[in-house]
Amino acid sequence: MTRFYISTPIYYINAEPHLGHAYTTMVADAVARAHRLMGEDVFFLTGTDEHGQKVERAAQRAGLRVPAFADAVAEKFRALLPLLNASNDDFIRTTEARHYASVQALWRRVRDRGYLYKGQYSGWYCTVDEVFVPETQLVNGRCPICGNAVEKISEESYFFRLSAFQQALLEHYHRQPDFVTPAIRRNEMIAFLEAGLEDLSVSRTSFTWGIPVPDDPAHVMYVWFDALTNYMTAVGYGALEPERRATFERYWPADVHLIGKEIVRQHAIYWPAFLLAADLPLPRRVVSHGWWLMDGAKMSKSKGNVARPHEYIARFGLDALRYFMFREMVFGQDANFADEAILTRYNADLANDFGNLVSRATTLIHRACEGRVPAPAAALLARPEEAHLRESTARLITQVVEAIRSFQLSVALRDTWEVIAETNRYLVTREPWKLAKAPDRHEELAASLYVAADTLRIVAELLRPFMPVTAERTLAMLGLTPSPDGWRGLEPGTLKAGTVLGETVPLFPRIELSVEDLRQMSTDTPVSSAPAVSTQTSAVPAVPTVESAVIAASPAPEPPGTARVAAQVEKISIDDFMKVELRVAKVLTAERVPKSKKLLKLHVDTGADQRTIVAGIAEAYEPESIVGRTIVVVANLQPAKLMGIESNGMVLAGSLDGGEPVLVGFDQPLAPGARVR
Ligand code: MSP
């Protein structure tokens, strides 16, 4: 079986995780999941980078002993993983004993092969990036990477003979053109190599929070020598047990080190040089992505301009956040993180295009085909529209696989949404809602709904790496479970007629709140079905968790100002339901509310009293058309002021997400005051 080993960088624990870190983990997760679906033996690693001066100082600032501080912050990174639904196979901490053994083994091997020597380091050091900065590279006396102040250090140090590897690395870059991607980063590295390499200081004596140099404990290792080795530790390097050594043989070299663009040099020059010095195989690819920016600047803890993953998961749900981050960032380039952009994508792509399609197709099958996937007539499937959609869907499978292999997640989702749009257009052409009303056209109805359901099945299977919970929910609505064969054998046209559909549930209820409203939502909104904070231990795959959206679900358009944040759908008791007093009422007068497009002011008779209710139905009903109508109202709602008018109750109406409201009515006359239950 082909194996695929992918890693994220291990994250510094000087501060808490933010969405920039979450992005790398989510991309690695999507790619790992996709490779599993392709039938590969996947190993997906992430973890924390815990040594070095930066962490030591952060602990001092927090007034904690360094190990206690490290445990606390590392736990936050680990706990984020189930929240992100990360399917990592291991979580490595550089403070673990297995890692000490591995790094010291690598050090000895490099030393014994003659690539380490003792000297004196004197120069500049940036603690934020944990890098030595040559005098010539300072920008206005500051670090060229992060712009922070640098420190002068002068101390005894071990040096690694990096200069010995210039030629070997250049040859490697030419032999393996995809070693570093995207091309812009590869070119930067080649230019760096061609400019000549200086030996690298790889130990420090002015602090102690690090892995001691073997046989010379006055030195701790340079944090990057320690950190990069994590990729080998996790698959068994330096272990004595035969089965761990066999794991190393199986999984090393890694297939992909996925990283942010600021740490390419460490991964694409230092790391392969250490490995060449140790005569160990080099990782196959170093793939780097761009930065998430906030107002034009890199989101980073040192700048303090960070977005917190749990807030966005609470507002939009995890899969919506994953969708946004994968779709919005063209891989390799920077992207701006803006609440407006998420809200727009949520409502347009997820609620309208996808959510509505799934709900429309499955609802029609429930209504018109007794909830079973109808059997299509072959002749009808051979029509050009059907054949075209089938071809697009078949092509999509290849496109998504190719996009995954090149990390173009935004392209994979763009192509998927093109097929979703094509399916929407197909339904508009076939109009199954009309066919459902014409008994003599049942065959046409069956064919159109079959095609829609079958296409949605493929789309859902393809969405599994990106939006695992949404994919599973969509499949459940179609009466299916995710295919145990993954993407192998995936083919349009193979959905079994007669499959009994599951219940249709809204996937992405429209969010009617403004960005400001969303921002005001408490940042600690409970994420109702969020997983209990990590119970995951090393080497145990994260358990896929239930999607956790706490979003505004507004079943009927409501007047501005009354938009409510509905908690995630949860069961209520009959007593809870009975607390809502639903009554039949009659509309006595109706008029538009000045300066409002949506609101009508109604005067209604509830049987017990006459009262004013302001209702958000003006876009669907002319005032005069509803005078005299029997409606249903919530009679025991607390009064609310809307556009200066006191509203005493709420009118019930149904609507498809984003569609116009349709008033609830009765098929027989009922007098005002009758209770609805
Ligand atoms: N500890 C080192 C990596 C050692 S790997 C052997 C490190 N840690 S970090 O916590 O500072 O950053 C790790 C990674 O987080 C970055 O490489 C990048 O993948 C991700 N990101 C951090 N901020 C980010 C953005 N603003 N945008 C996108 N990714 C970001 O460097």
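Note that these values count all heavy atoms, side chains included, but never hydrogens, waters or copies made by symmetry. Counting starts at 1 for both ligands and their atoms, following the listed order.
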Checklist line | Atoms of ligand 1 close to Gly290 [distance to a heavy atom under 4.0 angstrom, numbered from 1] | finding: 28 (C)
Notebook entry, point to check: Hey, is ligand 1 close enough to Ile10 that some N/O pair sits below 3.5 Å?
Noted result: yes
Margin query: Just to confirm my output: which protein heavy-atom neighbour is closest to atom 26 (N) of ligand 1, and how far is it?
Written below: Met299 O, 2.8 Å
Checklist line | Distance-only N or O hit between ligand 1 and Glu262, under 3.5 Å | finding: yes
Note to self: Can you classify the ring geometry of Phe337 versus Trp292 as parallel (below 30°), tilted (30 to 60°) or perpendicular (above 60°)?
What the structure shows: perpendicular
Note to self: Give the atom numbers and elements of ligand 1 that come within less than 4.0 Å of a heavy atom of Ala227.
What the structure shows: 6 (C)
Margin query: For the residue pair Glu135 / Trp124, report whether a side-chain donor-acceptor contact shorter than 3.5 Å exists.
Written below: yes
Checklist line | Atom indices of ligand 1, in the order listed, that fall short of 4.0 Å to a heavy atom of His21 | finding: 10 (O), 15 (O), 22 (C)
Next item on the list: Decide side chain to side chain contact (heavy atoms under 4.5 Å, CB included) for Val220 and His51; before the verdict, give the C-alpha distance in whole Å, the side-chain angles of both, and the deciding distance to 0.1 Å.
Entry: CA-CA 10 Å; Val220 291; His51 292 125; over 6 Å; no
Notebook entry, point to check: Which is closest to atom 5 (S) of ligand 1 by heavy-atom distance: Trp291, Tyr270, Trp292, Tyr231?
Noted result: Tyr231
Notebook entry, point to check: Do the side chains of Leu19 and Leu321 get nearer than 4.5 Å, heavy atoms only?
Noted result: yes
Next item on the list: Give a yes/no on ligand 1: does Glu130 have at least one heavy atom closer than 4.0 angstrom to it?
Entry: no
Item checked: Proximal atoms of ligand 1 relative to His267 (non-hydrogen, under 4.0 Å) -> 5 (S), 6 (C)
Check: Are any of the N/O atoms in Pro9 less than 3.5 Å from those in ligand 1?
Finding: no
Notebook entry, point to check: Has His289 got any heavy atom lying under 4.0 angstrom from an atom of ligand 1?
Noted result: yes
Margin query: Evaluate Asp49 for polar contact with ligand 1, using N/O atom pairs at a separation under 3.5 Å.
Written below: yes
Next item on the list: Please say which of Leu413, Val400, Val469 ends up in a side chain to side chain contact (heavy atoms under 4.5 Å, CB included) with Leu463.
Entry: Leu413
Notebook entry, point to check: Closest non-hydrogen protein atom to atom 23 (N) of ligand 1, residue and atom name please, with distance?
Noted result: His18 CE1, 3.3 Å
Notebook entry, point to check: Of the choices Phe337, Tyr12, Tyr11, Phe77, which has the non-hydrogen atom that lies closest to atom 11 (O) of ligand 1?
Noted result: Tyr12
Check: For ligand 1, is there an atom lying under 4.0 Å from some heavy atom of Ser288?
Finding: no
Notebook entry, point to check: When you measure from the centre of the six-membered ring of Tyr125, is the NZ or CZ of Lys152 under 6.0 Å away and within 45° of the axis?
Noted result: no
Next item on the list: Provide the closest heavy-atom pair for Leu276 versus Ala168 in the form atom of the first, atom of the second, distance.
Entry: CD1-CB, 4.0 Å
Note to self: Checking a contact table here: which protein heavy atom is nearest atom 20 (C) of ligand 1, and how many Å away?
What the structure shows: Thr24 OG1, 3.4 Å
Checklist line | Closest to atom 30 (C) of ligand 1 (judged by heavy-atom distance), picking from Gly260, Gly20, Gly52 | finding: Gly20
Notebook entry, point to check: Quick check: does any side chain N or O of Tyr11 sit under 3.5 Å from a backbone N or O of His21, one acting as donor and the other as acceptor?
Noted result: yes
Note to self: Would you say Thr95 and Glu50 are linked by a side-chain donor-acceptor pair, where the criterion is simply a distance under 3.5 Å?
What the structure shows: yes
Check: Does the gap between the ring centers of Phe132 and Tyr121 come in under 6.0 Å?
Finding: yes
Item checked: Any Trp271 heavy atom less than 4.0 Å to ligand 1 -> no
Next item on the list: Could you give me the CA-CA distance, side-chain angles and deciding distance for Lys54 and Asp129, then say whether salt bridge (charged side-chain N to carboxylate O under 4.0 Å, His left out) is met?
Entry: CA-CA 9 Å; Lys54 176 159 63 170; Asp129 293 302; 5.9 Å; no
